[in-house]
Amino acid sequence: MLQLQVLRQNEREVKDRLAVKNFKNPELVDEVISLDDQRKKLQLEYDTTQQQVNSASKEIGMLMGKGEKDAAEVKKKEVAELKARLQPINEQLIATESKLTDTLVQIPNLPSPLVPNGNSASDNEVVKEGGEKPGLHAGSVPHWDLIKQYDIVDFETGAKLTGSGFPLYKGAGAKLQRALVQYFLDYNIAAGYTEYLPPFMVNEASAYGTGQLPDKEGQMYHMQLDNFYMIPTSEVPVTNIYRDEIVKAEQLPIKMTAYSPCFRREAGSFGKEVRGLNRVHQFEKVEIVQLTHPDKSYEALDQMVAHVEGLLKSLESPYRILRLCGGDMSFTSALTYDFEVYSAAQERWLEVSSTSNFESYQTNRMKIRFKDENGKTQLVHSLNGSSLALPRIVACLLENNQKENEIVLPAVLHSYFGKSAIQKS
RNA sequence: GGAGACCUGCUCGAGUGGUUGAAGAGGCACGCCUGGAAAGUGUGUAUACCCCUAAAGGGUAUCAAGGGUUCGAAUCCCUUGGUCUCCGCCA
């Protein structure tokens, strides 16, 4: 959530920038400010009354010590009256505070000045395009046919085991998953990221910390018996590692990477767009996360973008980098770059990574702070990106590299996969 | 799953109802001492919110989390979470 202080001091600017995100309820900003005023008033009233209670209680203690029971009784009555007054104030204070946070979390992060105006995906700005679109041979087919021809992903049996959208990888298909995960992790570790293997379920506090709760509850699988959520991305457990902590300035930037399966309900998706591996309920992903000094986060974002780009280049895939427009960005992001690879047989671009700077929006909720040069406690900035999500990369690798009787893998994967190509079994 | 012990500040650790935000030790920071360092020595060392603010100052809350008893709770009671030990079960 946004920092109250920022919101109060730059009300006009906040509203202007929210407009870039097509935010429909700018009046929430005014609401937050008036709730905060109310909160302060109540807080002062509560504190001063509580102070009277505290000092009277101390006096009672001293009177009792001196054996002046009657005087103590008089004080006790006084305290009882004060406490009777305190109760409704306290109730109002709690109510106001919770209404304040409820309102504040409904206001999205402010877009950075680099974010272009726009309403939908078509308004995103292509900032870079690289690699070459392959020329496919005559009998080329989309990946959902290839996986059957080569018998490497079995959706039908996955559906039998769980439901639609839960692919069962088999043989070379399973091994390719493992090879890619291993390669991506090694690539990230070489760039200074520390590897983590996090829990695949998280509690409510963690889901709230990265912003999946309260607004995106329906997107996560929920284990009701234990009140755990299956993670939609390892960003959730990994960013939460430092929740409620104050780190030392010299620890920054903290660079973390993690592999995890990701679970997404994807309620409401259907149709050709989501065929095959284009959209599934469970998929493998390697994520990178950084916690940085607030002055360094955009520098870090550029590094992360270059890092992911290098990965796509090494996979010899045609790709492009988009800067998302205000209307297409996520609620919590200040600036997002999406990476898409070209799927030659489908003749469309598929998103394989989304790399964002959240500034202090997430860390304000999670209270991840550091001590700056002057000894002041400040929020760090958080960033994350996929490097990479597997299914769509796999779709592209299969489609773009298909030959008459085999699928040739990029050189960088040969040692991880153990062979240079996938053959029909 | 059953039985029990426990959860205090950066760390260790005292504290079983009354000026305890919390003794003591260690660590860390700064100063003194030193040619320099070690040793020694002095001082400081939480977070959030609020009032007042130029600064200083003051208040409230926080001893796993939440609730309760009490004029008063780190201390008593309840719930939840976590750690450890023993038993059971198990990849």
Side-chain angles (χ1 to χ4, degrees), chain A residues 1-9 32-105 197-209 213 222-229 237 240-252 254 360 362-380:
Chain A
M1 57 190 173
L2 291 174
Q3 291 175 256
L4 248 175
Q5 212 186 357
V6 172
L7 204 135
R8 294 198 71 120
Q9 286 168 359
V32 163
I33 291 173
S34 96
L35 281 166
D36 191 41
D37 288 338
Q38 245 182 78
R39 188 194 109 252
K40 283 184 182 180
K41 225 179 96 203
L42 288 164
Q43 171 107 50
L44 182 61
E45 215 179 330
Y46 179 86
D47 283 357
T48 48
T49 313
Q50 181 61 249
Q51 184 196 353
Q52 291 171 36
V53 170
N54 289 349
S55 65
S57 293
K58 271 180 191 167
E59 281 180 55
I60 293 170
M62 293 194 305
L63 291 170
M64 299 287 268
K66 283 191 272 180
E68 295 178 32
K69 277 204 164 170
D70 294 344
E73 285 306 319
V74 174
K75 278 279 163 199
K76 279 194 192 182
K77 269 195 193 133
E78 236 175 76
V79 171
E81 280 166 31
L82 285 169
K83 286 186 79 174
R85 259 204 282 152
L86 209 51
Q87 204 196 340
I89 300 172
N90 190 30
E91 279 165 12
Q92 278 181 63
L93 181 60
I94 291 168
T96 307
E97 273 172 348
S98 76
K99 201 166 166 210
L100 176 60
T101 26
D102 286 354
T103 312
L104 194 54
V105 298
L197 183 65
F200 299 155
M201 297 183 209
V202 292
N203 57 28
E204 240 179 329
S206 297
Y208 181 80
L213 293 180
H222 185 203
M223 307 281 129
Q224 294 187 340
L225 207 54
D226 298 287
N227 199 22
F228 292 152
Y229 293 88
N240 272 283
I241 291 171
Y242 286 93
R243 166 154 49 89
D244 290 321
E245 287 192 23
I246 299 175
V247 302
K248 296 193 179 103
E250 29 325 342
Q251 284 177 264
L252 300 174
I254 295 170
S360 61
Q362 290 185 324
T363 54
N364 189 31
R365 275 197 196 187
M366 281 187 273
K367 299 283 170 272
I368 307 181
R369 293 153 297 170
F370 78 107
K371 284 238 193 266
D372 69 15
E373 308 70 38
N374 308 315
K376 260 192 74 180
T377 309
Q378 278 196 63
L379 294 167
V380 305

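Here the structure is a predicted model, which is why all the values come from computation and not from measurement. In the text below, chain A, chain B and the rest are named by the order of the sequence lines, each starting its count at 1.
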Checklist line | Nucleotide forming a Watson-Crick or wobble pair with B:U69, both distances under 3.5 Å | finding: none
Item checked: Of A:R369, A:K367, A:M366, the residue whose pairing with A:D244 passes side-chain contact (heavy atoms from CB on, under 4.5 Å) -> A:K367
Next item on the list: Side chain of A:S57 only, please: which of B:U47, B:C50, B:G18 is the nearest?
Entry: B:G18
Margin query: Using 0.5 Å steps for rounding, measure from the CG atom of A:N240 to the CD atom of A:E245.
Written below: 11.0 Å
Checklist line | Mate of B:G17 where both pairing distances stay under 3.5 Å, Watson-Crick or G-U | finding: none
Note to self: How many whole angstroms separate atom CD of A:E245 from atom P of B:U47?
What the structure shows: 14 Å
Margin query: Rounding to an integer number of angstrom, what distance separates B:G21 and B:A73 when you compare their P atoms?
Written below: 11 Å
Notebook entry, point to check: Taking the side chain of A:Q51 as heavy atoms from C-beta outward, which of B:U47, B:G18, B:U60 is closest to it?
Noted result: B:U60
Item checked: Nearest-angstrom distance, P atom, B:G59 to B:U20 -> 14 Å
Next item on the list: Whole angstrom is fine here: how far is it from CG in A:L86 over to P in B:G72?
Entry: 11 Å
Next item on the list: Output the single nucleotide from B:C50, B:A48, B:C71 whose closest atom is nearest the side chain of A:K40.
Entry: B:C50
Notebook entry, point to check: Tell me: NZ of A:K376 to P of B:U47, nearest whole Å?
Noted result: 12 Å
Check: For A:L86, does its backbone N or O pair with a side-chain atom of A:T49 as donor and acceptor, under 3.5 Å?
Finding: no
Notebook entry, point to check: Between B:U11 atom C1' and A:K248 atom NZ, what is the distance in whole Å?
Noted result: 11 Å
Next item on the list: Pick base, sugar-phosphate or nothing for A:I60, based on heavy-atom distances below 4.0 Å to the nucleic acid.
Entry: base
Check: In Watson-Crick or G-U wobble terms, both distances under 3.5 Å, what is the partner of B:G81?
Finding: B:C7
Check: Considering only the C1' atoms, how many Å lie between B:G72 and B:G18, rounded to the nearest integer?
Finding: 6 Å
Item checked: Integer angstrom distance from the P of B:U75 to that of B:A61 -> 15 Å
Checklist line | Identity of whatever pairs with B:U53 - Watson-Crick or G-U, under 3.5 angstrom | finding: none
Note to self: Quick check: on RNA chain B, is the nucleotide nearest A:Q52 upstream (toward 5') of the one nearest A:K58, or the reverse? Name the residue that is more 5'.
What the structure shows: A:K58
Item checked: Closest contact, heavy atoms only, A:L93 versus A:Q43 -> CD1-N, 3.8 Å
Check: Taking only side-chain nitrogens and oxygens of A:R39, does any of them come within less than 4.0 Å of OP1 or OP2 of B:C49?
Finding: no
Next item on the list: Give A:T48 one of three labels, base, sugar-phosphate or nothing, depending on what nucleic acid heavy atoms sit under 4.0 Å from its own.
Entry: nothing
Note to self: Between B:A22 and B:A91, how far apart are the two C1' atoms, rounded to whole Å?
What the structure shows: 47 Å
Check: So which nucleotide from B:C51, B:C49, B:C71 ends up closest to the side chain of A:Q43?
Finding: B:C49
Notebook entry, point to check: Which listed nucleotide (B:C50, B:C71, B:U47) is nearest to the side chain of A:D47?
Noted result: B:C50
Next item on the list: Let me know the distance between CG of A:N203 and P of B:U80, rounded to the nearest Å.
Entry: 17 Å
Note to self: Can you work out whether A:K41 or A:V53 has the more 5'-proximal nearest nucleotide on RNA chain B?
What the structure shows: A:K41
Notebook entry, point to check: With both distances kept under 3.5 Å, what pairs with B:C90, Watson-Crick or G-U wobble?
Noted result: none
Next item on the list: Please report, rounded to the nearest Å, how far the C1' atom of B:G81 is from the CG atom of A:D226.
Entry: 13 Å
Item checked: C1'-based separation of B:C7 from B:C63 [nearest Å] -> 10 Å
Margin query: Rounded at 0.5 Å granularity, tell me how far CD in A:Q52 sits from CD in A:E81.
Written below: 11.5 Å
Margin query: Under a 4.0 Å threshold between the charged nitrogen and the carboxylate oxygen, would A:D37 count as salt-bridged to A:R8?
Written below: yes
Next item on the list: Considering only atom P, compute the distance from B:U19 to B:U60 and round it to an integer number of Å.
Entry: 15 Å
Checklist line | Interatomic distance, A:I89 atom CD1 to A:Q92 atom CD [nearest 0.5 angstrom] | finding: 7.5 Å
Notebook entry, point to check: For A:N54 and B:G72, is the shortest distance between a side-chain N/O and OP1 or OP2 below 4.0 Å?
Noted result: no
Notebook entry, point to check: Is A:K83 near enough to B:G72 that one of its side-chain N or O atoms lies under 4.0 angstrom from OP1 or OP2?
Noted result: yes
Checklist line | Nucleotide paired to B:G27 in any strand shown, Watson-Crick or G-U, under 3.5 Å | finding: B:U45
Checklist line | Pairing nucleotide - B:C33, Watson-Crick or G-U, each distance under 3.5 Å | finding: none
Next item on the list: Please report the C-alpha distance between A:L35 and A:T96 in whole Å, then the side-chain angles of each, then the deciding distance to 0.1 Å, and finally whether the side-chain contact (heavy atoms from CB on, under 4.5 Å) criterion is met.
Entry: CA-CA 7 Å; A:L35 281 166; A:T96 307; 4.2 Å; yes
Notebook entry, point to check: What nucleotide among B:G18, B:U19, B:U47 has an atom nearest to a side-chain atom of A:M62?
Noted result: B:U19
Next item on the list: Counting Watson-Crick and G-U wobble pairs only, both distances under 3.5 Å, name the nucleotide matched with B:C63, or none.
Entry: none
Check: On a whole-Å scale, what distance lies between the P atoms belonging to B:A65 and B:C52?
Finding: 30 Å
